[in-house]
Amino acid sequence: MAEQQVNITDLDPVQLQEVKKQLDQELDHLTNSYSQLKQAQSKFRSCVENVNSLTPSSKGKEILVPLTSSLYVPGKLTDTENVVVDVGTGYYVKKTKSEAAQHYNSKSTFVQSNLDTLQKTIERKQENVQSVVQVLQMKMQQQQQQAAKA
C-alpha cells in the first residue's frame with residue numbers, strides 16, 4: 001500500500017486531531033520498542049561482563065544453573081575457559097570465553113545500530129507531531145477569530 005502525502009494545512013481541526021492521535025500512538029509504540037532494545041543491549045553487555053569475570057580461580061565455585069527462566073538448580077563451575085551461549089530459537093553453542101564475548105559484543109553493536117535508526121525515526125515523528133499541533137493551534141485561532149467577528 002503506497003503512502004499518500006497530504007498537506008496538513010488542508011485538513012480541518014477534527015482531521016488534524018485524528019492525525020495527532022495516530023502519530024501519538026506510533027510514537028508510543030516506537031518509544032516502547034526503543035526501551036526494549038535498550039534492555040536487550042544491556043543484557044548483552046552484562047553477558048560480556050559475566051564471561052570476562054570467569055577466571056581459573058572461579059573453578060569449583062558453587063553457582064545456580066538456569067533450567068528455565070524461573071527454575072535454577074545448584075551446580076559447580078568445572079570449566080572456566082568455555083561457556084554455553086544461547087544463539088537464539090532454543091539453540092545453544094559451546095564457545096570459548098573470547099568467542100562468547102565477541103558474540104555478545106556483535107549483538108550489542110547490532111542492537112546499537114537499530115537504536116540509532118529508531119532514534120532518528122522517533123525524532124521525525126516528534127517533529128511531525130509538533131507540526132500538526134502548530135497547524136491545529138493556528139486553525140483553532142482562526143475559528144475563534146471568525147466566531148468573534150460574527
Side-chain angles (χ1 to χ4, degrees), residues 1-140:
M1 185 168 141
E3 282 193 23
Q4 217 175 343
Q5 295 221 344
V6 176
N7 189 347
I8 58 174
T9 56
D10 295 339
L11 300 175
D12 64 44
V14 173
Q15 291 171 318
L16 284 170
Q17 287 174 338
E18 284 299 314
V19 169
K20 183 185 178 307
K21 182 179 174 185
Q22 181 181 353
L23 286 172
D24 285 341
Q25 288 173 344
E26 290 173 12
L27 201 51
D28 281 346
H29 175 72
L30 291 172
T31 304
N32 287 338
S33 296
Y34 187 88
S35 176
Q36 289 173 352
L37 282 174
K38 271 297 212 193
Q39 288 176 347
Q41 185 182 44
S42 176
K43 286 181 183 177
F44 290 138
R45 287 181 177 164
S46 175
C47 287
V48 171
E49 290 172 16
N50 291 339
V51 166
N52 290 334
S53 72
L54 284 177
T55 61
S57 63
S58 302
K59 202 170 197 168
K61 186 176 180 182
E62 294 215 2
I63 59 170
L64 289 175
V65 180
L67 293 182
T68 68
S69 62
S70 61
L71 178 63
Y72 293 78
V73 295
K76 284 193 179 188
L77 199 53
T78 58
D79 184 359
T80 58
E81 294 305 312
N82 297 295
V83 294
V84 178
V85 176
D86 181 356
V87 293
T89 62
Y91 289 96
Y92 295 86
V93 177
K94 183 177 180 179
K95 293 184 179 265
T96 65
K97 284 177 18 179
S98 63
E99 290 171 339
Q102 180 182 357
H103 171 80
Y104 288 122
N105 279 324
S106 68
K107 290 275 195 184
S108 179
T109 302
F110 176 73
V111 170
Q112 184 60 51
S113 70
N114 286 332
L115 282 168
D116 293 342
T117 303
L118 194 53
Q119 179 65 38
K120 290 174 186 167
T121 304
I122 288 171
E123 288 169 4
R124 279 196 314 271
K125 290 285 182 193
Q126 287 172 331
E127 290 169 5
N128 291 346
V129 168
Q130 285 295 3
S131 297
V132 169
V133 167
Q134 287 174 349
V135 171
L136 184 57
Q137 287 173 343
M138 181 186 73
K139 296 253 182 186
M140 297 300 267

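- No side-chain donor-acceptor contact under 3.5 Å links Ser46 to the backbone of Ser42.
- The minimum heavy-atom distance between Phe110 and Ser113, with the atom names listed, is O-OG, 2.7 Å.
- Heavy-atom minimum distance, Leu11 versus Val19: CD1-CG2, 3.9 Å.
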Exercise for review: Decide yes or no on side chain to side chain contact (heavy atoms under 4.5 Å, CB included) for Val87 and His103, but give the supporting numbers first.
Suggested key: CA-CA 9 Å; Val87 293; His103 171 80; 4.1 Å; yes
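- Summarising the geometry, atom OG1 belonging to Thr121 is positioned 11.0 Å from atom CD belonging to Gln126; distances are rounded to the nearest 0.5 Å.
- The shortest heavy-atom contact between Val65 and Gly75 is CG2-CA, 4.3 Å.
- With values rounded to the nearest 0.5 angstrom, Leu115 atom CG is found 12.0 Å from Lys120 atom NZ.
- A donor and an acceptor atom, one from each side chain of Gln112 and Asp116, are located under 3.5 Å apart.
- At least one side-chain heavy atom of Ser131 sits under 4.5 Å from a side-chain heavy atom of Ile8.
- Counting only N and O atoms by type, the side chains of Gln130 and Gln134 include no donor and acceptor under 3.5 Å apart.
- For Ser33 (side chain) and His29 (main-chain N/O), a donor-acceptor pair under 3.5 Å exists by modelled atom type.
- Minimum heavy-atom separation, Ser108 to Arg45: OG-NE, 3.5 Å.
- Across every non-hydrogen atom of Leu27 and Ile122, the tightest pair is CD1-O, 3.7 Å.
- Annotation: Gln17, atom CD; neighbour count of heavy atoms from other residues, nucleotides and ligands within 6.0 Å is above 12.
- Closest approach of Asn52 to Ala101, counting heavy atoms only: OD1-CB, 4.1 Å.
- Looking only at side-chain heavy atoms (C-beta outward), Gln15 and Asp12 come within less than 4.5 Å of each other.
- With rounding to the nearest 0.5 Å, the separation of OG1 in Thr9 from CG in Leu136 is 13.0 Å.
- To the nearest 0.5 angstrom, Leu23 atom CG is 11.0 Å from Asp28 atom CG.
- Of the inter-residue distances, the one linking Leu118 atom CG with Gln36 atom CD reads 10.5 Å to the nearest 0.5 angstrom.
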Practice item. Output, in order, the C-alpha distance, side-chain angles, deciding distance and verdict of salt bridge (charged side-chain N to carboxylate O under 4.0 Å, His left out) for Asp24 and Lys20. Key: CA-CA 6 Å; Asp24 285 341; Lys20 183 185 178 307; 2.7 Å; yes
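- Side chain of Lys97 to backbone of Ser53: no donor-acceptor contact under 3.5 angstrom is found.
- From Lys94, atom NZ reaches atom CG of Asn82 across 4.5 Å, with rounding to the nearest 0.5 Å.
- Of the possible polar contacts, one joining the Thr109 side chain to the Asn105 backbone as a donor-acceptor pair under 3.5 Å is found.
- Here Asp10 pairs with nothing under the side-chain hydrogen bond (donor to acceptor under 3.5 Å, both in side chains) rule; sequence neighbours left out.
- Put simply, the side chain of Gln22 reaches to within 4.5 Å of the side chain of Glu26, judged on heavy atoms.
- Under the side-chain contact (heavy atoms from CB on, under 4.5 Å) rule, Thr80 has a single partner from Leu77, Val83, Thr78, which is Leu77.
- Pairs of residues two or more places apart, or lying in two chains, that qualify as side-chain hydrogen bond (donor to acceptor under 3.5 Å, both in side chains) and include a residue from residues 58-76 are Thr55-Ser58.
- Counting only distance, with no hydrogens or angles, the side chain of Lys107 and the backbone of Ala40 share no donor-acceptor pair below 3.5 Å.
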